[in-house]
Amino acid sequence: MSKIAFIGLGNMGGPMAANLLKAGHRVTVFDLVPQSIQTLVEQGAQSATSAAQAVGDAEFVITMLPASKHVEALYLGDNGLLKHCPSSALIMDCSTIAADSARRVAQAAAERGLRMIDAPVSGGTGGAIAGTLTFIVGGKAEDLARARPLLEKMGKNIFHAGAAGAGQVAKIANNMLLGIAMAGTAEALALGVANGLDPKVLSEIIVKSSGCNWSIEKYNPWPGVMENVPAARGYAGGFGVNLMLKDLGLASEAAISTGSVIGLGELARNLFALHSSQGHGQLDFSSIVNLVKQEK
Ligand code: NAD
């Protein structure tokens, strides 16, 4: 049994912490939303009244927060969490943030003698619940080796992308492709339906043809085609439009800093920005289909 502090109990962090509890670990939890703490306490977690209290005697500190600014605000600063983490603790930030932010926090941790890895995830809320996430790790191999037994309780595939920040670079490249693929899948389905096809039949055809991709096969955006996906429940839960927009913005920043060409990535970012500006930022990102769907 390991002593774990888990901070950030949202759509992803909640079920990830629950899997650590199921594996028999002692998990102390904190979130800004009291109800999220309560849900985990009902599953056996210890509650904390602040992030600083949660890390008390932790051997592992895991954070799952929305964006760079939340992670930097939590760890750095005058009374940042780095000042409260026990010196032997291994810090694992699983949030998707800018690689530069991840490197800044890892550097500040190293200056205090603390070990840290960036370990963003892929696999969505379904993967978080089932414990089948993919972890994409940046940091030292020996720190990943220490983290691995815990990561294996929350995920199925664990990759070492490289040094600090490398996990974030790989994650951002993946999510840019996901944003492009989801927008493209939405357009293909809307085109087919507008021209008289049944979305279920069209989906079956594409899944067995060269247009097949994760968005159509595992996370179909058209309502009524698949069960247990956000499209089946009015796009509630899942991976928010604003989170996808954040990741596409991170891809854009990374591309500017290296002079990389991401024409389709920028186009996808604009489509998600338009969708968000129309009041849909909190819906799952597969709701982008509503931007291109024709009203009957
Ligand atoms: P979420 O908004 O559901 O959860 C974030 C949680 O962090 C919230 O409960 C919020 O209250 C909490 N929080 C924010 N600041 C805090 C602080 N200072 N102290 C304590 N708690 C704080 O987001 P999510 O969907 O769980 O995503 C978390 C991260 O994982 C994001 O970086 C996202 O890009 C990434 N991600 C999400 C998915 C997905 O499908 N949702 C998939 C892969 C990666």
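Just follow the structure's listing: the first ligand is 1, and inside any ligand the first atom is 1. One is the number of the first residue; the rest follow in order along the sequence. Below, each value reflects all heavy atoms present in this structure, side chains not excepted, and no hydrogens, waters or symmetry copies.
- Here is the list of ligand 1 atoms found below 4.0 Å of a heavy atom in G124: 40 (O).
- For a threshold of 3.5 Å applied to N or O pairs, the pair formed by C94 and ligand 1 contains no separation below that value.
- Only the side chain of L243 comes within contact range of ligand 1, with a heavy atom under 4.0 Å; no backbone atom does.
- For ligand 1, the atoms lying closer than 4.0 Å to a non-hydrogen atom of V33 are 11 (O).
- Ligand 1 lies nowhere less than 4.0 angstrom from a heavy atom belonging to A51.
- Interface of T125 with ligand 1, defined as ligand atoms under 4.0 Å from a residue heavy atom, comprises 40 (O).
- Counting heavy atoms from C-beta outward, L178 and I180 have side chains that stay 4.5 Å or more apart.
- Taking any N or O of D31, backbone or side chain, at least one lies under 3.5 Å from an N or O belonging to ligand 1.
- Ligand 1 has P66 within reach: a non-hydrogen atom of the residue lies less than 4.0 Å from it.
- A donor-acceptor pair is defined here as one N or O able to donate and one able to accept, closer than 3.5 Å; such a pair exists between the side chain of Q168 and the backbone of S95.
- A donor-acceptor pair under 3.5 Å links the side-chain atoms of H275 to the main chain of S287, judged by distance alone.
- Distances from atom 36 (N) of ligand 1 to the heavy atoms of I97, T96, V71 show the closest one on T96.
- Using a 4.0 Å cut-off between heavy atoms, I7 contacts ligand 1 through its side chain alone, with no backbone atom that close.
- Within the 4.5 Å cutoff, side-chain heavy atoms of N79 are placed close to those of H84.
- The shortest side-chain heavy-atom distance between L9 and V33 does not fall under the 4.5 Å cut-off.
- Of all protein heavy atoms, the one closest to atom 15 (N) of ligand 1 is L32 CD1, 3.6 Å.
- A cation-pi contact, defined as under 6.0 Å to the ring centre and within 45° of the axis, is absent between R148 and F135.
- Within the cation-pi definition used here (under 6.0 Å to the ring centroid, within 45° of the axis), K200 does not qualify as a partner of W222.
- Close N/O approach between G238 and ligand 1 is found [any backbone or side-chain N/O within under 3.5 Å].
- Checking only distances, K171 never comes within under 3.5 Å of ligand 1, N or O to N or O.
- Judged purely by atom type and a 3.5 angstrom limit, D284 uses its side chain to pair as donor or acceptor with the backbone of F239.
- Checked by atom type and distance alone, the side chain of D143 never pairs as donor or acceptor with a backbone atom of G139 at under 3.5 Å.
- For atom 37 (C) of ligand 1, the closest heavy atom belonging to the protein is M12 CG, 3.5 Å.
- Salt-bridge annotation for R269 and D247: absent, with no side-chain N of the basic residue lying under 4.0 Å from a carboxylate O of the acidic one.
- A 6.0 Å sphere centred on CD of Q53 holds more than 12 heavy atoms belonging to other residues, nucleotides or ligands.
- When atom types are taken as modelled, the side chain of Y235 and the backbone of P221 share a donor-acceptor pair closer than 3.5 angstrom.
- What sits closest to atom 30 (O) of ligand 1 on the protein, heavy atoms only, is M64 CE, 3.1 Å.
- Given atom 40 (O) of ligand 1, the protein heavy atom at minimum distance is F239 CB, 3.2 Å.
- The protein heavy atom nearest to atom 22 (C) of ligand 1 is L65 CD2, 3.5 Å.
- Between N11 and ligand 1, at least one N/O pair is under 3.5 Å apart.
- Of all protein heavy atoms, the one lying nearest to atom 34 (O) of ligand 1 is K246 NZ, 2.9 Å.
- Nearest protein heavy-atom neighbour of atom 44 (C) of ligand 1: V121 O, 3.7 Å.
- More than 12 non-hydrogen atoms from other residues, nucleotides or ligands lie less than 6.0 angstrom from CD of E42.
- For atom 4 (O) of ligand 1, the nearest non-hydrogen atom of the protein is G10 CA, 3.2 Å.
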